[in-house]
Amino acid sequence: AQKVTQAQTEISVVEKEDVTLDCVYETRDTTYYLFWYKQPPSGELVFLIRRNSFDEQNEISGRYSWNFQKSTSSFNFTITASQVVDSAVYFCALSEFLDAGNMLTFGGGTRLMVKP
Amino acid sequence: AAGVIQSPRHLIKEKRETATLKCYPIPRHDTVYWYQQGPGQDPQFLISFYEKMQSDKGSIPDRFSAQQFSDYHSELNMSSLELGDSALYFCASSFIAGGKSDTQYFGPGTRLTVL
């Protein structure tokens with residue numbers, strides 16, 4: 001069975017602060033995908049990043065960076081110089097690598113509030 | 001770029017009524033997924049279809065059924081609605097390359113309210 005845990009239910013920061021969202025996962029699969037999605041107050045789910053289990057290279061995209069550590073089963077997400085527009089619920093998710101139509105298993109989400 | 005289209009965006013029903021939600025995947029995407037998100041909760045997987053065949057099944061109630069049509073759009077049919085069915089229903093689509101699951105892109109969701 002797969003499980004994703006986001007221990008931080010809510011984080012509040014002041015604009016321009018850096019913030020890291022934690023994600024820990026459990027799976028018996030040797031190959032899998034990890035994802036981060038953003039859900040702003042408007043409600044849609046926006047894809048941010050996908051990481052394959054065999055690729056542990058960290059990734060940076062603008063103010064966003066992701067740290068994947070297979071040894072600790074973690075896939076953490078850092079926002080540098082946070083902005084008010086970053087306020088949203090962020091979900092970490094896991095899926096099997098093979099087979100069509102595999103479900104996403106989501107963590108409970110972390111609500112990030114960025115204050116001006 | 002074209003996104004996943006869901007209709008209707010909002011739906012209000014009475015208890016014991018039926019509802020049909022529609023999903024139009026991103027062009028050339030062959031796989032559709034349905035998720036249910038209750039207030040303050042994470043999305044829960046209901047069911048998926050690949051090339052019009054059911055692919056994976058999650059915690060979908062027996063009162064719900066779904067299918068994918070020849071043009072790849074999908075419909076989620078919900079009968080005997082209960083108050084607890086009130087939620088945001090997401091459809092997602094992906095393109096399965098080489099038999100390997102790919103990134104799921106989500107539609108804007110249908111907010112169902114059961115009174």
Side-chain angles (χ1 to χ4, degrees), chain A residues 1-10 21 23-25 27 29-55 59 61 66 88-111 113, chain B residues 1 3-6 9-10 25-26 29-60 66 68 72 74 87-111:
Chain A
Q2 299 179 331
K3 184 178 180 182
V4 178
T5 302
Q6 295 178 253
Q8 306 148 307
T9 55
E10 206 166 286
L21 310 182
C23 173
V24 175
Y25 61 92
T27 180
D29 298 323
T30 54
T31 53
Y32 47 88
Y33 282 131
L34 292 163
F35 301 82
W36 277 94
Y37 285 87
K38 174 182 179 180
Q39 188 170 41
S42 51
E44 70 271 27
L45 277 168
V46 179
F47 165 73
L48 295 178
I49 191 172
R50 183 187 80 192
R51 184 49 96 212
N52 302 332
S53 56
F54 48 82
D55 179 6
E59 185 159 338
S61 176
W66 291 270
V89 178
Y90 291 86
F91 289 100
C92 180
L94 171 70
S95 79
E96 293 177 18
F97 185 72
L98 297 176
D99 294 333
N102 285 331
M103 58 178 282
L104 285 170
T105 298
F106 285 88
T110 297
R111 180 177 300 278
M113 293 177 290
Chain B
V4 177
I5 297 172
Q6 290 189 246
R9 293 293 308 278
H10 301 272
I26 292 171
H29 279 197
D30 51 17
T31 306
V32 169
Y33 313 75
W34 287 98
Y35 291 83
Q36 177 192 59
Q37 185 180 28
Q41 297 180 2
D42 57 287
Q44 295 292 314
F45 173 74
L46 294 177
I47 196 166
S48 62
F49 293 87
Y50 168 60
E51 285 291 344
K52 292 149 277 185
M53 299 286 288
Q54 182 180 306
S55 177
D56 202 0
K57 194 172 182 180
S59 50
I60 183 169
Q68 186 180 30
Y72 294 100
S74 178
L88 189 53
Y89 289 83
F90 285 107
C91 173
S93 73
S94 70
F95 172 68
I96 303 302
K100 298 173 185 171
S101 58
D102 203 352
T103 299
Q104 296 179 29
Y105 294 92
F106 285 78
T110 294
R111 186 168 297 281

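The shown structure was predicted, so the numbers you read here are calculated from the model rather than taken from an experiment. By convention in this document, chain letters (A, B, ...) are assigned in the order of the sequence lines, proteins followed by strands, and residues within each chain are numbered from 1. For the numbers below, each heavy atom of this structure counts, side chains included, while hydrogens, waters and symmetry mates do not.
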* Asked: Considering residues at least two apart in sequence or located in another chain, which fulfil the salt bridge (charged side-chain N to carboxylate O under 4.0 Å, His left out) criterion with A/Asp55?
  -> A/Arg51
* Which bit of B/Tyr35 comes within less than 4.5 Å of chain A, counting heavy atoms only: side chain, backbone, both or neither? -> side chain
* Structure fact -> For B/Phe90 and A/Glu44, the nearest pair of non-hydrogen atoms, with its separation, is CE2-CA, 4.3 Å
* Asked: At a heavy-atom separation under 4.5 Å, does A/Phe106 approach chain B through its side chain, its backbone, both, or neither?
  -> both
* Could you please state which residues from residues 104-111 of chain B sit under 4.5 angstrom from chain A, measuring non-hydrogen atom to non-hydrogen atom, sorted by number, or 'none'? => B/Gln104, B/Tyr105, B/Phe106, B/Pro108
* To do: Measure from the side-chain N and O atoms of B/Tyr33 to the backbone N and O of A/Leu104, and report whether any donor-acceptor pair falls under 3.5 Å.
  => no
* **Atom group of A/Gln39 that falls short of 4.5 Å from chain B, counting heavy atoms** => side chain
* Taking the side chain as every heavy atom from C-beta outward, state whether A/Tyr37 and B/Pro43 have any pair of such atoms under 4.5 Å apart. => no
* Hey, is CE on B/Met53 packed in by over 12 heavy atoms from elsewhere, all under 6.0 Å? -> no
* Roughly how far, to the nearest 0.5 Å, is OG1 of B/Thr103 from CZ of A/Phe35? -> 4.5 Å
* Just how far is it from atom CG of A/Asn102 to atom CD1 of B/Ile96, taken to the nearest 0.5 Å? -> 7.5 Å
* Asked: Measuring heavy-atom distances to chain A, does B/Glu51 have an atom under 4.5 Å in its side chain, in its backbone, in both, or in neither?
  -> neither
